Amino acid sequence: MFTRLPLALPLAFSMAAFVVLVGCNPTAQEPAGGGDTPAARSGDDYNPHDVPITEEQQTELRDRTAKFADAVTTIKQFRAEVEQETAAGIPEKPYKAHQALDMADLVLQWLPEIARNSGVLKEHWEAVNTSANDLRTLFEQVHQNIDNKQDPNFAAVAEEIDRKLAGLEAIAGAQPPDAGTRH
């Protein structure tokens, strides 16, 4: 036996199914203003002091660190900025530390390529790559502590950072003075 349903009933069921499948949660939409930050997307506490590095800053940093020796010097400068700003714990507004840590991370990511383009001997490439990865890990420990509102504890990693940087400086010093960038 066939029972006839009013046309409105299947439409109501269809609409309910659509709402359940698609959702009508206004918080699921991309937040306006700053919605492109990882913290805003994940719902974590947004940290206004951890501002992403702009494309312009990255380009300037790339130019400034095009030679291996300059890249190592720049990493040392970032190291000093982080140590200075975190010496007394977490600063109220740790913008400089965040920027220095983020920029150091970028340069360390690029370091193997910079070494190759700067004419660093192949025999040093593995040491450059390993040191860059180790330094990224050490700096990330400090960064995570700041993000977690804990003591940055830079002193715990400072000696190892300095040892790795000294190794990179030795490699940079072993380069002929006229070793420039190759493109």
Side-chain angles (χ1 to χ4, degrees), residues 36-39 41-42 44 47 49-87 89-91 94-183:
D36 58 348
T37 63
R41 282 194 302 267
S42 67
D44 293 339
N47 186 340
H49 307 296
D50 197 2
V51 179
I53 306 300
T54 65
E55 291 293 326
E56 183 179 319
Q57 288 173 309
Q58 286 186 38
T59 300
E60 179 184 312
L61 188 59
R62 266 276 194 201
D63 293 342
R64 192 168 96 196
T65 61
K67 293 182 181 178
F68 186 74
D70 294 339
V72 173
T73 299
T74 301
I75 295 166
K76 285 182 67 175
Q77 290 168 348
F78 292 142
R79 177 241 180 266
E81 286 179 35
V82 172
E83 181 180 37
Q84 181 180 7
E85 185 157 324
T86 62
I90 301 174
Y95 174 78
K96 284 183 185 179
H98 278 298
Q99 288 288 288
L101 288 163
D102 289 345
M103 288 188 180
D105 189 62
L106 285 173
V107 176
L108 289 165
Q109 286 178 52
W110 303 333
L111 201 59
E113 176 187 347
I114 293 169
R116 280 192 312 274
N117 292 342
S118 296
V120 170
L121 299 173
K122 278 188 178 184
E123 63 192 51
H124 298 297
W125 287 4
E126 183 177 347
V128 168
N129 190 41
T130 301
S131 293
N133 287 332
D134 292 347
L135 284 166
R136 287 184 71 204
T137 300
L138 293 165
F139 282 128
E140 183 59 23
Q141 289 176 21
V142 175
H143 202 165
Q144 283 297 314
N145 287 342
I146 293 170
D147 287 347
N148 294 335
K149 296 175 179 62
Q150 298 172 349
D151 179 8
N153 201 10
F154 186 82
V157 296
E159 188 176 316
E160 186 66 12
I161 287 174
D162 291 342
R163 194 173 69 71
K164 297 289 182 184
L165 286 171
L168 292 173
E169 282 183 305
I171 292 170
Q175 296 309 112
D178 62 342
T181 57
R182 292 182 288 154
H183 294 283

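Quick caveat, the model's predicted, so the values are computed rather than measured. Start at 1 with the first residue, then count along the sequence.
Among pairs with a residue in residues 118-129, none fulfils salt bridge (charged side-chain N to carboxylate O under 4.0 Å, His left out), at least two apart in sequence or across chains.
Taking Asp162 as the reference, Arg79 meet the side-chain contact (heavy atoms from CB on, under 4.5 Å) condition, with sequence neighbours excluded. Asp151 is linked by a side chain to side chain donor-acceptor pair (under 3.5 Å) to nothing, counting only residues two or more places apart in sequence or in another chain. For Asn145, the side-chain contact (heavy atoms from CB on, under 4.5 Å) partners at least two apart in sequence or on another chain are Gln150, Asn153. Residues forming a side chain to side chain donor-acceptor pair (under 3.5 Å) with Gln84 (at least two apart in sequence, or on another chain): none. Looking at residues two or more places apart in sequence or on another chain, you find a side-chain contact (heavy atoms from CB on, under 4.5 Å) between Thr74 and Leu61, Arg64, Thr65, Gln77, Phe78. With sequence neighbours excluded, the residues satisfying salt bridge (Lys or Arg N to Asp or Glu O under 4.0 Å) with Lys76 are Glu169. The side-chain contact (heavy atoms from CB on, under 4.5 Å) search around Gln57 returns Ile53, Thr54, Gln99, Met103, not counting sequence neighbours. Under the salt bridge (Lys or Arg N to Asp or Glu O under 4.0 Å) criterion, Glu140 pairs with no residue, sequence neighbours left out. For Arg62, the side chain to side chain donor-acceptor pair (under 3.5 Å) criterion is met by no residue, not counting sequence neighbours.
Summarising the geometry of Ala115 relative to Val128, their closest heavy-atom pair is CB-CG1, 4.0 Å, with the distance given to 0.1 Å. Across all non-hydrogen atoms, the minimal contact from Glu81 to Ala100 is OE1-CB, 3.7 Å. Heavy-atom minimum distance, Ala66 versus Ser118: O-OG, 3.3 Å.
Side-chain contact between Leu101 and Ile146 is present, with at least one heavy-atom pair separated by less than 4.5 Å. Under the 4.5 Å side-chain criterion, counting only non-hydrogen atoms from C-beta, Phe68 is in contact with Leu168.
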Review item, side-chain donor-acceptor pairs of residues 106-114, under 3.5 Å, at least two apart:
| from | atom 1 | to | atom 2 | distance (Å) |
| --- | --- | --- | --- | --- |
| Gln109 | NE2 | Asp105 | OD2 | 2.8 |

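Of the inter-residue distances, the one linking Asp102 atom CG with Phe139 atom CZ reads 12.0 Å to the nearest 0.5 angstrom. Atom CZ of Arg116 sits about 14.0 Å away from atom CG of Leu121, to the nearest 0.5 Å. Atom NZ in Lys67 sits 12.0 Å away from atom OG1 in Thr73 (nearest 0.5 Å). Rounding to the nearest 0.5 angstrom, the gap separating the OG1 atom in Thr130 from the NZ atom in Lys164 is 7.0 Å.
Checked by atom type and distance alone, the side chain of Asn148 pairs as donor or acceptor with a backbone atom of Gln144 at under 3.5 Å.
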